[in-house]
Amino acid sequence: MGLPIELTYLAASILFILGLKGLSHPETARRGMIFAEIGMLLAIVGTLFHRDIISYEWIVAGLIIGSIIGGAISIWVPMTAMPQRTALSHAFGALAASLVGVSEYYRHGADISTFKMGALSFEVLLGGITVTGSLMAFIKLQDWIRGTPITYRGQNILNLLLLGVTISMFFYLFFAPSAHLVFYAMAGLAFVFGVLLVLPIGAADMPVVMSLMNSYAGLAAAATGFAISNNVLIIAGTLDGFSGFILSVLMCRAMNRSITNVLFGAFGAEIEVTLSGSLGEMREVKAEDVAVQLAYANQVIFVPGYGMATAQAQHAVRELATMLEARGVTVKYAIHPVAGRMPGHMNVLLAEANVPYSSLYDLEQINPEFPATDVAVVIGANDVVNPDARDNPKSAIAGMPILEVDKARTVVVLKRGKGKGFAGIENPLFFKPNCGMLYGDAKASLIKLAEAVQNA
Ligand code: NAP
């Protein structure tokens, strides 16, 4: 590979690192994305000048088809389906890595060094698991099969056995690279293992699974880089691999779970209500009454959740907040790390509505503030404000850190009806004496509240 290409790759790698750095803070995230996009463009353009390219027809065809699919996805897939979209992207990325691995093996066969054989096998193994694992995640999130864990007797043992056999093949190939059958059998088993790995995992744990898959796809790409001596792939793949892994660990921490519990715990299989005693009745409130409480409050905390995303209510929240602030009310936003359906979901939506970043507070910062808050307005959130996670050790979400809205003087919950949250369990918050339910689509309710505040 020539020096100009290597220099282009070096520039691309630096841009990827700057991109990741930018993504670590919402204020610099947009700039970070632009750096990463330019980096990717440089990496692609640099590769197009590679001397090993024989003809450009297939490349151009791939570029056109890929751009059409990518463009269509970016235009038509709604924000609420972002997890599914990400799952598909991981599947395609990993498929590309696996195919490169298979084609390299096909071209060079047994005629390769032990190191290269190891890199190729690693790439195909992780790539295969990621392709079918991500497709399963997509199918579950899309509700094409039931999202709850699909379990059967001896499942973990079968999975571990299969993994053991696949890894044994991986090591065998170090010593016998010419064993074609073993190579292709290992690739096949990796595809099967991806399906079996994700089957027992509930849809509620899919974000963790997906960032793990992200990590695998990254590591497969890094291995591809070693196999075909491509530095930018090694660097980008490693960045992707480790950032995905760190994100998985952070999400597990936000749900108070371990990664092994997510992968082997079949969380969400039993979603019956584990509360003892009757919960009583939910109390419905009127927008006019809530508006008076809001207008004369000292402090109001908005708690957005998945329902705000589906209702696209972020602009309406911002407008109501501006009105309250004009009346001297202190307004804060409480952001739970797994509110919505993807990490940072609420931050992205609120940033789109120009809510200043300084008004967003994370869990540790905001929880001590609830007892001194007049009104906590829960906008389409459910699991992340479920006090059962704190109070009921038998709850399916026991131990998950929550936003303690129940400690506010008054809580108003904006939701359409009595629908459950993602974990599929009842929420005792809605039955508490200080909690009122304002039924309706979140956006419509917020608009109604803003009108009523104006008249209050
Ligand atoms: P949630 O528990 O899914 O609850 C959302 C609530 O919004 C529902 O109870 C629903 O009740 C209401 N809703 C839906 N559409 C609405 C609309 N148009 N207007 C008003 N309300 C609406 O949401 P969450 O509290 O944000 O919790 C997130 C959950 O998703 C957690 O369990 C988390 O572990 C999981 N998860 C998170 C991620 C992530 O990375 N952030 C990814 C996947 C899963 P009604 O039907 O009665 O309206």
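Both ligands and their constituent atoms are indexed starting at 1 by order of listing.
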Worksheet item: Looking at Asn392, Asp391, Ile425, which hits side-chain contact (heavy atoms from CB on, under 4.5 Å) with Asn386?
Response: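 When Asn392, Asp391, Ile425 are each tested with Asn386, the side-chain contact (heavy atoms from CB on, under 4.5 Å) holds only for Ile425.
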Hey, does [X] come in under 3.5 Å of ligand 1, counting only N/O atoms on both sides?
X	result
Met251	no
Gly417	yes
Phe422	yes
Gly305	no
Pro337	no

Practice prompt. Determine whether any heavy atom of Lys420 lies closer than 4.0 Å to an atom of ligand 1.
Written response: yes
Discussion item. Please classify the Lys418 to ligand 1 contact at 4.0 Å (heavy-atom distances, strictly less than): side chain, backbone, both or neither.
Written reply: backbone
Whether [X] side chain and [Y] backbone form a donor-acceptor pair below 3.5 Å:
X	Y	answer
Arg146	Pro149	yes
Asp374	Gln293	no
Ser215	Ser211	no

Worksheet item: Under 6.0 Å between the ring centres of His25 and Tyr357?
Response: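 Yes, close enough.
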Worksheet entry | 4.5 Å side-chain heavy-atom contact, Leu125 and Ser98 | no
Discussion item. Please check if the number of heavy atoms outside Lys443 that lie under 6.0 Å from its NZ is greater than 12.
Written reply: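 Atom NZ in Lys443 is not crowded, with 12 or fewer foreign heavy atoms closer than 6.0 Å.
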Discussion item. Counting only heavy atoms not in Arg253 (residues, nucleotides, ligands), do more than 12 fall under 6.0 Å from its CZ?
Written reply: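 Atom CZ in Arg253 is not packed in, count stays at 12 or less.
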For ligand 1, which atoms sit closer than 4.0 Å to a heavy atom of [X]?
X	value
Gly380	5 (C), 6 (C), 7 (O), 21 (N)
Thr310	14 (C), 15 (N), 16 (C), 17 (C), 18 (N)
Val384	25 (O), 27 (O)
Ala442	19 (N), 20 (C)
Ala381	25 (O)

Item to complete: Check the angle between the aromatic planes of Phe138 and Trp144 and answer parallel, tilted or perpendicular using the 30° and 60° thresholds.
Response: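 Judged by the thresholds at 30° and 60°, the geometry between Phe138 and Trp144 is perpendicular.
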Worksheet item: Of Asn382, Asp441, Asn427, Leu446, which has the heavy atom at the shortest distance from atom 18 (N) of ligand 1?
Response: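 Looking at heavy atoms only, the winner is Asp441.
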